[in-house]
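Inspection log for the structure reproduced underneath, given as structure tokens.
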Amino acid sequence: MDDQIRTEVQKILEEIQPALALHRGGAELASVQDGRVEIKLKGACHGCEMSAFTFGMMVDAEIKKRVPEVKEIVYN
């Protein structure tokens, strides 16, 4: 199950990378374990005040819509 989640989340992150790159940022999948997804924020996204909105509202929603097996998403 985690391998399937990893594949789908990776696709979603690849889709949003161009938008993040416009703001000198990025994100990569750090780990998937028991339905818990950890995403590492990179570049300008790491520590950005707007990252909570960008990822919390937009990315979380897309991941949960397309990969309902995800139980939790955390960012670092």
Side-chain angles (χ1 to χ4, degrees):
M1 177 71 68
D2 285 344
D3 288 337
Q4 180 183 0
I5 292 172
R6 176 180 298 278
T7 299
E8 292 303 314
V9 170
Q10 188 62 42
K11 285 180 193 176
I12 294 166
L13 291 177
E14 288 172 7
E15 290 171 11
I16 66 164
Q17 288 302 334
L20 298 176
L22 289 174
H23 298 276
R24 299 181 326 265
E28 67 181 29
L29 182 58
S31 67
V32 176
Q33 185 173 357
D34 299 326
R36 181 180 186 269
V37 174
E38 184 176 348
I39 297 174
K40 180 178 179 181
L41 303 182
K42 299 169 42 177
C45 289
H46 183 74
C48 174
E49 294 176 7
M50 292 301 294
S51 67
F53 173 77
T54 302
F55 289 92
M57 301 299 284
M58 298 167 63
V59 179
D60 279 17
E62 189 64 20
I63 290 172
K64 289 175 181 176
K65 180 176 90 176
R66 292 173 47 183
V67 193
E69 299 84 9
V70 171
K71 298 174 186 169
E72 180 184 17
I73 303 169
V74 295
Y75 299 94
N76 65 29

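Position 1 is the first residue of the sequence; numbering continues from there. Bear in mind that the values here come from a model prediction, so they are computed numbers and not experimental data. Note: hydrogens, waters and symmetry copies are ignored here, and every other heavy atom, side chains too, is used.
- Between Glu28 atom CD and Lys42 atom NZ the span is 4.5 Å, to the nearest 0.5 Å.
- Crowding of Arg36 atom CZ: a count of heavy atoms from other residues, nucleotides or ligands under 6.0 Å exceeding 12.
- Nearest heavy-atom pair, His23 versus Ala44, reported as atom, atom and distance to 0.1 Å: O-CB, 3.2 Å.
- Salt bridge status for Lys11 with Glu14: absent, with no side-chain N to carboxylate O gap under 4.0 Å.
- Nearest heavy-atom pair across Gly26 and Cys45 is N-SG, 3.6 Å.
- Between atom NZ of residue Lys64 and atom CD of residue Glu72 there is a gap of 9.0 Å, rounded to the nearest 0.5 Å.
- Here Val32 sits in one hydrophobic cluster together with Met1, Ile5, Val9, Ile12, Leu13, Ile16, Leu20, Leu29, Val37, Ile39, Leu41, Phe55, Val59, Ile63, Val67, Val70, Ile73, Tyr75; the rule is ILVMFWY side chains under 4.5 Å apart, joined directly or through other members.
- Gln17 contributes a side-chain N or O that, together with a main-chain N or O of Ala27, makes up a donor-acceptor pair within less than 3.5 Å.
- Heavy-atom neighbours of Glu69 CD from other residues, nucleotides or ligands within 6.0 Å: above the threshold of 12.
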